[in-house]
Amino acid sequence: MNLQTKWWRISAAMLAFIVASAVSLGYAEAATPSYLRLVVGGVCLLGVFMFASGITGVKTALVDEFNCYSLQRVITFGWFVVLSSAFLAISFWNVALWKAGGSGVVQSFVEIDASIWALAGVVLGGLVGNGVVNSIHAATPPKDAGAHESALSPDPRRQGSMYRNIEIDDAKPTDITTNSQFGVQNTVDMTAVQQLLLQAAVLVAYVVAVGRLVVATASNEAIGHLPGLPAELLALLGVSAVAQVGNAAIPKAKINGEAAAPKPTERFWTEGSERAAERLAHEKSGQESGGLPITSGVLSAPEWELFRQNPVVGALVLLHAKTAVNEALARYKSTALEDDNGDAFRHALWNARMAADSGVGVVWAEKWATTHEDGNPGKPLATQMDLFNNGVGRKAGDAMKVDEVLKKVQDCVDTGKCRVLRAGVLVNSDGKYKL
């Protein structure tokens, strides 16, 4: 979220609060229907939401450090918005009723029932408890990590025992009801499901209770307190939260049985294919490189250093580069192969194929793509364009099969998800200049 959007949202929130106070001042003493208080409440609800989203951004507030939607953050945010807006709306109306030097003292602000403080303890306890549990898991690898995971190509989506998305845009709403540990991230966490349903039901019921209180109180009378919650219900919410945190604390992570089916990288390595990889790198391809590392003749010094760290991965990287170059030549006019759609397609496809290949993976793909740009410096904007398109490609290829990425990459270019350089300005790609 850019600075302009932040200020727009914060300004909208301030405007909402001004409107709420103006309506309260204008109608508090008049014989007006009580539902006008509901209007003030709705405006305050909008204002609180816009203010919170302007400060942090809604997605940023709901997504945790592992780039996944967090159930505890969703619950905390929901209660914060509801309680803050209810408190503000009633307080605005009460302040409008207050008269200095009057015969009676009108309560300007709203008392917070002890049960609401207890609710805050339950909600924030769940938030902090999950944070502690996740931090411990993030610092502790799965028990089978040493035997099952290749040190040459670690999965970038695993942080200790925790599953993490590569980017914040990869966060999905289903994250809040699935397990957060690696290897079981696609399985449903029933303790999270029960907590979500229970909290949602109580939150909706509380909103209705606030609305009934507002409507039942005459518009020229102050409201002294927010509705409380029954002790039995608070106990149920507490048990629900403890069950969810306790289940999250149980180690469940696994490396998905990679020992039984070793990665191609490991298999090739044990078969002694380093020499074959070196020969492949020294091949004279006779084809246009398209600016990608397809043979030793176009490898920069940093790329050669990276190649020698793992010749097997390096060989696969060269093969994917050759395929990307050939596909770009077959699909785009020559005028689009530098700084335009063909260039964007070539870089995105190279990275997508590397990311999708279990013998390379996202980590090595990013190393190679970044090292290639560092070892072949060009125009700053062109480098920026290539790095951006490399990232688009890796995201497109992650968790896909190599032979499935071509169409997805083409769609990324055609729908403007990539960047091209035209007239010295970076703009969105499009469907132009195809053969």
Any chance you could lay out the side chain to side chain contact (heavy atoms under 4.5 Å, CB included) test for Q384 and L421, step after step, and finish with the verdict? CA-CA 10 Å; Q384 184 179 341; L421 185 58; over 6 Å; no

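- A distance of 8.0 Å separates CD in Q185 from OG1 in T178, rounded to the nearest 0.5 Å.
- Contact record, L337 with D343: O-CB, 3.5 Å, taken as the closest heavy-atom pair.
- Considering every non-hydrogen atom in both N351 and A365, the closest pair reads OD1-O, 3.9 Å.
- Within the 3.5 Å criterion, the main-chain N or O of H225 finds no donor-acceptor partner in the side chain of E111.
- In this model, no donor atom of one side chain and acceptor atom of the other lie less than 3.5 Å apart for N389 and R419.
- L426 CG to L381 CG: the interatomic distance, rounded to the nearest 0.5 Å, is 5.0 Å.
- Heavy atoms only, all atoms of each residue included: V409 and A348 are closest at CG1-CB, 3.8 Å.
- Contact check for V313 versus W368: side-chain heavy atoms found under the 4.5 Å cut-off.
- Side-chain contact annotation: N341 with D430, donor-acceptor N/O pair under 3.5 Å present.
- Shown here for V413 and C418, the closest heavy-atom pair between the two residues is CG2-SG, 3.9 Å.
- Between L237 and V122, the shortest heavy-atom contact is O-CG1, 3.7 Å.
- The backbone N or O of H137 lies less than 3.5 Å from no partner atom in the side chain of T140, so there is not a single donor-acceptor pair.
- Aromatic ring centres of Y332 and F345: separated by under 6.0 Å.
- Other residues, nucleotides and ligands contribute at most 12 non-hydrogen atoms within 6.0 Å of the CD atom of E305.
- Side-chain contact between Y163 and N179 is absent, with no heavy-atom pair separated by less than 4.5 Å.
- Between G228 and S115, the shortest heavy-atom distance links the atoms CA-OG, 3.2 Å.
- Annotation: side chain of S70 is not in contact with side chain of D175 (no heavy-atom distance under 4.5 Å).
- Under a cut-off of 6.0 angstrom, the local environment of CD in E65 is crowded, with over 12 non-hydrogen atoms contributed by other residues, nucleotides or ligands.
- Of the N and O atoms on the side chains of D357 and H320, at least one donor lies less than 3.5 Å from an acceptor on the other residue.
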Do R422 and D339 pass the salt bridge (charged side-chain N to carboxylate O under 4.0 Å, His left out) test, and can you show the C-alpha distance, the side-chain angles, and the key distance before you say yes or no? CA-CA 7 Å; R422 292 175 183 167; D339 297 340; over 6 Å; no

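- Contact annotation: the side chain of L71 never approaches that of T177 to less than 4.5 Å [non-hydrogen atoms, C-beta and beyond].
- Salt-bridge formation is not detected for the pair K432/D340: no Lys NZ or Arg NE/NH1/NH2 atom is positioned less than 4.0 Å from an Asp or Glu carboxylate oxygen.
- The number of heavy-atom neighbours closer than 6.0 Å to NZ of K252, taken from other residues, nucleotides and ligands shown, is above 12.
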Mind running side-chain hydrogen bond (donor to acceptor under 3.5 Å, both in side chains) on N134 and D64 for me, showing each step along the way? CA-CA 10 Å; N134 291 344; D64 61 19; 4.7 Å; no

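- In this structure the side chain of R346 never reaches within 4.5 angstrom of the side chain of L329, judged on heavy atoms.
- Distance OG/S180 to CZ/F66: 7.5 Å, rounded to 0.5 Å.
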Walk me through whether V363 and E366 qualify under side chain to side chain contact (heavy atoms under 4.5 Å, CB included). CA-CA 5 Å; V363 171; E366 184 173 6; over 6 Å; no

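- A donor-acceptor pair is defined here as one N or O able to donate and one able to accept, closer than 3.5 Å; such a pair exists between the side chain of Q194 and the backbone of T191.
- You'll find the ring centres of H372 and W350 inside the 6.0 Å limit.
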Could you walk me through whether V392 and K395 pass side chain to side chain contact (heavy atoms under 4.5 Å, CB included), step by step? CA-CA 5 Å; V392 171; K395 184 176 179 181; 6.0 Å; no

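- Side-chain contact between L83 and Y206: present, with at least one pair of heavy atoms (C-beta onward) separated by less than 4.5 Å.
- Partners of K401 according to the salt bridge (Lys or Arg N to Asp or Glu O under 4.0 Å) rule, which considers only residues two or more places apart in sequence or in another chain, do not exist here.
- For the pairing with S240, the side-chain contact (heavy atoms from CB on, under 4.5 Å) check across V202, V245, L198, L197 returns one residue only, L198.
- In this structure, CG in L119 is found 11.0 Å from CD1 in I112, a value given to the nearest 0.5 Å.
- Remark: side-chain polar atoms of S84 are not paired, donor with acceptor, to backbone N or O of V81 under 3.5 angstrom.
- Side chains of L124 and T76 form a contact here, defined as non-hydrogen atoms less than 4.5 Å apart.
- Judged by distance alone, the side chains of R331 and Q410 do bring a donor and an acceptor atom under 3.5 Å apart.
- Side-chain atoms of Q195 and Q72 form a donor-acceptor pair, as typed in the model, at a separation below 3.5 Å.
- For the side-chain contact (heavy atoms from CB on, under 4.5 Å) criterion with C68, the lone passing option out of L62, I176, N165 is N165.
- Using a 4.5 Å heavy-atom cutoff, the side chains of R394 and M354 are not in contact.
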